[in-house]
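This report concerns only the one structure given below.
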Amino acid sequence: MRAKAGESEVASAAGPGLADAFDFACVDLALCDPSYTIHARSCLISRRRPVSAGANFTQNAPLVQCRFRGPVMMTFSSLLRPRLMTTWISRQGLARWGVGAVLGVLLGTASAGKPYSYFVTGDADAQVAALKPSSTSSLVLMGGGPDVDEAFRWMIARAGIKPGTGGRFVVLRATGTEAYDPYIYYSDAALTTSTSVAEQWVGGASLGLSSVETLVIPSVAAANDAFVNSVVSKANAVFIAGGDQSDYINFWKGTKLDQTLQGLMAANVPVGGTSAGLAVLGQVDFAALRGSVTTTQALADPFNKYMTLDPSPLSPTGGFLAPPALASTILDAHLDSRDRMGRLITFVARLVAVNSNTGCPGGILASGTSSTAARGIGVDVETALLVQGNKGPHGFTARRVTNPSTMTESAVYFVRPLISPTVCASGAPLTLTNIEIKKLADSETIFNLSDWTGLPSYFVDAISGALTSSPY
């Protein structure tokens with residue numbers, strides 16, 4: 001089965017990854033028996049560093065290649081061996097997960113008959129104290145791939161959650177499972193709530209969380225559902241998982257869920273997203289309505305059919321979430337692993353309005369150094385940018401975090417064109433010179449998003465659809 005339009009966390013030999021839902025799950029790669037042929041509809045990589053050479057699964061003709069960070073949550077069709085299923089249940093223990101939760105994972109019936117799926121780890125009915133969240137906004141921009149543990153802990157702290165207070169952390173997605181729940185809630189692979197938190201676990205319960213809840217919201221009907229919005233409205237922190245951002249635009253934008261999320265952001269509830277979840281947090285978003293686009297495609301024709309932006313036509317208003325901290329900004333993830341700097345530059349170019357003989361048709365912003373000028377932020381895999389509002393002159397600032405064991409540079413790139421494109425038209429390769437890039441590759445530097453200061457600059461040019469030097 002071919003991938004649907006949009007972008008996905010998993011790449012295959014045939015192109016973009018598959019983004020369909022799953023039927024069964026296991027939490028230990030060894031239990032999945034990689035030598036056993038599985039006709040996978042999709043692989044969900046929840047987190048962690050790759051082990052050995054990974055595992056390959058056949059998907060009709062295309063080969064789906066998955067890198068796992070274990071423990072992982074991987075799901076596939078009903079070919080899971082009964083012996084493996086029994087082993088999974090016995091190893092994890094029904095007492096820890098609860099009979100309903102185990103059956104919900106294995107049978108996919110956590111919300112039978114409803115337009116959504118709902119999962120809970122912990123106690124969603126526990127009393128939550130009157131929290132004192134930060135008085136300013138809190139956003140997490142995560143670049144996909146392995147999740148950054150510290151970013152989730154920061155969200156919990158910014159929500160005002162402390163040991164003994166309780167708190168609800170809600171994960172939103174359009175496809176997939178509740179793979180994030182145990183990762184955020186527990187402290188280690190034994191699924192304890194110890195205050196000694198192992199790497200690759202968040203330890204949310206030890207920090208005060210009373211529950212981690214996942215809502216799979218795959219339709220407009222689900223996004224307008226009263227129960228869905230009741231759960232989200234009570235969230236003390238919200239995280240949008242990776243997947244396909246076209247689902248989020250098509251299913252969530254303009255719904256009651258959209259309104260609920262806007263209300264949470266206005267109340268300074270921490271909100272974050274990874275990969276596709278990051279992609280929908282700009283003022284303008286790459287919507288991927290006709291599938292993904294490569295750097296080569298974008299630079300060769302900034303108006304090619306895959307370059308779908310939201311809102312469309314471009315407008316200063318009418319975007320999806322558009323938090324104020326990211327005004328005039330478009331975002332991109334997996335920047336290093338998928339060589340996306342060229343397409344990010346093209347996204348930003350598309351935002352620049354026509355002025356005399358320069359700019360891009362349909363653009364709405366100026367080029368240059370103004371705080372309202374077009375700009376973009378690109379985030380590497382296993383990287384998170386923590387954005388916070390500040391009282392006083394500094395407006396919004398950001399710092400980068402990653403995992404101690406990261407195997408990549410884990411950088412964040414801040415991009416803005418100092419002059420307008422000289423060639424930006426349908427069917428024509430992009431020409432845009434004097435593109436300023438600032439690179440954040442440490443966790444000590446504080447970058448000022450309001451005035452775009454705090455890092456040195458370097459410059460690249462795009463001439464006739466090609467970058468003249470390395471943008472990294």
Side-chain angles (χ1 to χ4, degrees), residues 4-7 19 111 114-119 133 137-142 155 159 168-176 180 213-289 308-333 347 351 364 377 387 389:
K4 60 182 175 179
E7 301 194 305
S111 306
K114 304 293 185 181
Y116 57 84
S117 295
Y118 174 60
F119 306 91
S137 60
S138 306
L139 299 170
V140 166
L141 309 180
M142 201 175 294
M155 292 180 71
R168 302 176 68 170
F169 195 113
V170 175
V171 178
L172 304 179
R173 58 196 320 157
T175 59
Y180 272 102
E213 304 160 61
T214 288
L215 281 162
V216 183
I217 308 170
S219 65
V220 171
N224 282 322
D225 186 89
F227 176 79
V228 166
N229 284 278
S230 175
V231 170
V232 177
S233 68
K234 297 172 186 174
N236 303 112
V238 173
F239 189 77
I240 305 173
D244 182 341
Q245 62 259 45
S246 69
D247 287 341
Y248 302 153
I249 299 296
N250 286 328
F251 300 154
W252 301 356
K253 184 182 175 184
T255 66
K256 291 181 180 178
L257 176 62
D258 188 347
Q259 297 173 18
T260 302
L261 290 171
Q262 294 289 350
L264 292 180
M265 289 192 297
N268 296 320
V269 170
V271 173
T274 187
S275 188
L278 166 145
V280 295
L281 290 176
Q283 178 181 338
V284 175
D285 303 328
F286 172 55
L289 297 178
T308 55
L309 303 180
D310 183 80
S312 180
L314 294 179
S315 168
T317 60
F320 178 27
L321 296 176
L326 299 173
S328 306
T329 306
I330 190 166
L331 308 172
D332 208 357
F347 291 161
L351 304 186
I364 55 173
I377 299 174
V387 178

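FYI, the numbering just counts along the sequence from 1. Since the structure is predicted, the reported quantities are computational estimates derived from the model, not experimental observations.
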- request: Taking all non-hydrogen atoms of both residues into account, name the closest pair between G318 and K253 and its distance.
  value: O-NZ, 2.8 Å

statement: Quick note, salt bridge (charged side-chain N to carboxylate O under 4.0 Å, His left out) partners involving residues 256-285, not counting sequence neighbours, are none

- prompt: Would you say Q245's side chain and A276's backbone share a donor-acceptor pair under 3.5 angstrom?
  reply: no

- prompt: Residues two or more places apart in sequence or in another chain: which of them pass side-chain contact (heavy atoms from CB on, under 4.5 Å) with S315?
  reply: P311, T317

task: Walk me through it: do Q283 and L326 pass the test side chain to side chain contact (heavy atoms under 4.5 Å, CB included)?
output: CA-CA 6 Å; Q283 178 181 338; L326 299 173; 6.0 Å; no

- request: Compare all side-chain heavy atoms of V387 with those of V140 and state whether any distance is below 4.5 angstrom.
  value: no

query: Yes or no on side chain to side chain contact (heavy atoms under 4.5 Å, CB included) for L261 and V271, after CA distance, side-chain angles and deciding distance?
result: CA-CA 9 Å; L261 290 171; V271 173; 5.6 Å; no

task: Decide yes or no for V269 and N236: does some side-chain heavy atom of the first lie under 4.5 Å from some side-chain heavy atom of the second?
output: no

query: Hey, what do you get for CD1 (I240) to CG (L172), rounding to the nearest 0.5 Å?
result: 6.0 Å

field: Qualifying residues under ring pair (Phe, Tyr, Trp, His ring centres under 6.0 Å), relative to F239, sequence neighbours excluded
entry: F152, Y180

- prompt: Backbone N or O of A288 within a donor-acceptor pair of the T308 side chain at under 3.5 Å?
  reply: yes

Exam field: side chain T255 to backbone L257, donor-acceptor pair closer than 3.5 Å: yes

query: Do you know the tightest heavy-atom contact between I364 and P316?
result: CD1-N, 3.8 Å

Closest non-hydrogen atom pair, L264 against A235: CD2-O, 4.1 Å

message: Could you walk me through whether K114 and D225 satisfy the side chain to side chain contact (heavy atoms under 4.5 Å, CB included) test, starting with their C-alpha distance in whole Å, then the side-chain angles of each, then the deciding distance to 0.1 Å, before giving a yes or no?
response: CA-CA 9 Å; K114 304 293 185 181; D225 186 89; 5.7 Å; no

field: Closest approach of A174 to D247 (non-hydrogen atoms, all atoms of both residues)
entry: CB-CB, 3.7 Å

Heavy-atom side-chain contact between P133 and N268 under 4.5 Å: no

field: Spacing of CZ belonging to R173 relative to OH belonging to Y248, to within rounding of 0.5 Å
entry: 6.5 Å

task: Quick one: pull up CG in L321 and CE in M265 and give me the separation to the nearest 0.5 Å.
output: 4.5 Å

message: Tell me whether Q262 contacts the main-chain N or O of F320 through its side chain, where contact means a donor paired with an acceptor under 3.5 Å.
response: yes

task: Could you go through the side chain to side chain contact (heavy atoms under 4.5 Å, CB included) check for L289 and N250 one step at a time?
output: CA-CA 9 Å; L289 297 178; N250 286 328; 3.8 Å; yes

query: Who are the side-chain contact (heavy atoms from CB on, under 4.5 Å) partners of T260, not counting sequence neighbours?
result: N229, V232, S233

query: With sequence neighbours left out, what residues match V231 under side-chain contact (heavy atoms from CB on, under 4.5 Å)?
result: Y118, R168, V170, E213, L215, F227

- prompt: How about D310 and S312: does a side-chain donor come under 3.5 Å of a side-chain acceptor?
  reply: no

field: Side-chain heavy-atom pair F119, V216 within 4.5 angstrom cut-off
entry: yes

statement: Across all chains, not counting sequence neighbours, the side-chain contact (heavy atoms from CB on, under 4.5 Å) partners of P218 are A222

task: Indicate the atoms forming the closest heavy-atom contact of L309 with F286, along with that distance.
output: CD2-CA, 4.0 Å

- line: What one should report as the nearest heavy-atom pair of A325 and L139 is CB-CD1, 3.9 Å

